[in-house]
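Okay, so here's the structure we're looking at.
Hydrogens, waters and symmetry mates play no part in the numbers below; they use all other heavy atoms, side chains included. So that the names make sense, note that chain A is the first sequence line, chain B the second, and so on, each numbered from 1.
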Number of protein chains: 2
Amino acid sequence: MAQLSLKKDLFAQLAVIAKSLSNANRLELIDFLAQGERSVDELAHVSGLSVANTSQHLQDLRRSGLVKNRSAGKKVFYSLSDYKVVELVGLMRSLAEDNLAEIQILINNYLASKDDLEPLQRDELLQRVQSGEAIVVDVRPDTEYQAGHVPNAINIPFSKLEHELKSLPKDKEIIAYCRGPYCLLSFDAVVQLREQGFKARRLYEGFPEWKLSGLPIEQGL
Amino acid sequence: MAQLSLKKDLFAQLAVIAKSLSNANRLELIDFLAQGERSVDELAHVSGLSVANTSQHLQDLRRSGLVKNRSAGKKVFYSLSDYKVVELVGLMRSLAEDNLAEIQILINNYLASKDDLEPLQRDELLQRVQSGEAIVVDVRPDTEYQAGHVPNAINIPFSKLEHELKSLPKDKEIIAYCRGPYCLLSFDAVVQLREQGFKARRLYEGFPEWKLSGLPIEQGL
DNA sequence: CAAACATTCAATAGATTCATTGAATGTGAT
DNA sequence: ATCACATTCAATGAATCTATTGAATGTTTG
């Protein structure tokens, strides 16, 4: 029964990937890596894990094909091997939000009101920007922003958000978007902005969907 | 630091989901459930696990929100709680195919040539069907097929494929499609058809993408 | 070459996962 | 009520996972 064997083997391999994702610390590392390449050092610092432990987790992720690494001098830099990894985690989050009561309780406990957390749709964004109620922030890296973005959106890559807080208005609503409905960056940005007292929400979709829908876009800047 | 705590808790919950997916037997159960609701009994039989063990795995999947159950008489029927579960597994598979050497070796070992395995694109499908080289099979359940399908596609739900083998031509290429690029059904169908000596390939995309692209569709039948 | 540094390796103990076994629960049929 | 059946529960031991510790490797700097 070659078929059965193929299936069994295939599932065994998929299980390896899932096992890699089945640890909160490794998920956190992936979350940081979604922002770009990072050294073991940085990852250990930002996650609060020991360097040895961080290294072990990263090697686990590498064995399962989720991240890749590159050594430069005495440092080793890790990065996601595929953008699909972010989609995968995002899809897991979306599934969790819909089907896991624990997540719903969690979110309600930490964030003021459920309504505020609801992501906006495209047309709502357009309305609010036109009426001057809101500004749009693109939290993707510079290069992606320059290749195309939502009109009038300003670019604050997530990694620089903390330093740019003072340039943002507290009286307007801030609408963050990134690469897609399952992209983690805009979600993280909203959480961080709210922590700092801003009125923040995220666009349900990301730039690729915006572009696909035929709405106007801007380039460069 | 409420934010940190939220993030940690969130990742801990996502880890629960991933942990549920991190076992080959549970993935196989999900694969069967993708075809529709099944009793514990059936699932145990088809997966080769003991009933008690199957029940335990199913309860694990239920705790993580991936499946739901319903009891009827002395039977308990399980089903996927969300179609996103299939997308999730499909995305994992896609990631594995791209980034995990083990999977590539696996597939090459089991299936004759890599070229044959490559999925077709829409325009290739149209060409081959027009020239009479190929027939198109929709492996989704009846109801989805009736709601709309690729023109001239015949409907053989995956669960009935085994019984319909004799009605299929061995000299033409059989192109299977289902619900999307990450849908498992068409992949499984191709594997099964090849096992039986048919020339089978799958359409890269599924019906939703076909419809979105503006190509003609048929309904009913 | 020696010192400082970043990362990895190896060994360990405690916790968790998995399949198996046999008993317990609950439903429908006789 | 009793019996057959489907499912779940509970307990077990073997295997695996995780964080910690301290040593080892390899690179740059002085």
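Using a 4.0 Å cut-off, no side-chain N or O of B:H57 falls inside it from OP1 or OP2 of C:dT17. Between B:N23 and C:dT17 there is no side-chain N or O to OP1 or OP2 distance below 4.0 Å. The shortest distance between the side-chain N/O atoms of A:N25 and the OP1/OP2 oxygens of D:dT18 is not below 4.0 Å.
The distance from atom CD of B:E28 to atom P of C:dA19 is 11 Å, rounded to the nearest whole Å. If you take CG of A:L29 and P of D:dT18, they are 12 Å apart, rounded to a whole angstrom. Put simply, CG on B:L61 is 10 Å from P on C:dC18, counting in whole angstrom units. As rounded to whole Å, 9 Å separates atom P of D:dT18 from atom NZ of A:K19. Rounding to whole angstrom units, CZ of residue A:R63 and P of D:dT18 are separated by 11 Å.
When each of A:S22 and A:A72 is assigned the nucleotide of DNA chain D with its nearest heavy atom, A:S22 is the one assigned upstream, toward the 5' end.
The salt bridge (Lys or Arg N to Asp or Glu O under 4.0 Å) pairs that include a residue from residues 62-71 of chain A are A:E37-A:R70, where partners are two or more places apart or lie in different chains.
Checked against side-chain contact (heavy atoms from CB on, under 4.5 Å), A:K75 has the following partners two or more places apart in sequence or in another chain: A:S39, A:D41, A:F77. Residues satisfying the side-chain contact (heavy atoms from CB on, under 4.5 Å) test with A:S55, not counting sequence neighbours, are A:V40, A:Q59. Partners of A:A189 according to the side-chain contact (heavy atoms from CB on, under 4.5 Å) rule, which considers only residues two or more places apart in sequence or in another chain, are A:V139, A:F158, A:L161, A:A176. Not counting sequence neighbours, the partners of B:A52 by the side-chain contact (heavy atoms from CB on, under 4.5 Å) test are B:S50.
Distance CG/A:D60 to CG/A:N25: 11.5 Å, rounded to 0.5 Å.
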The contact string for nucleotides 4-14 of chain C, one letter per nucleotide 5' to 3', using protein heavy atoms under 4.0 Å with B, S and - for base, sugar-phosphate only and none, comes out as -BSBBBBB---
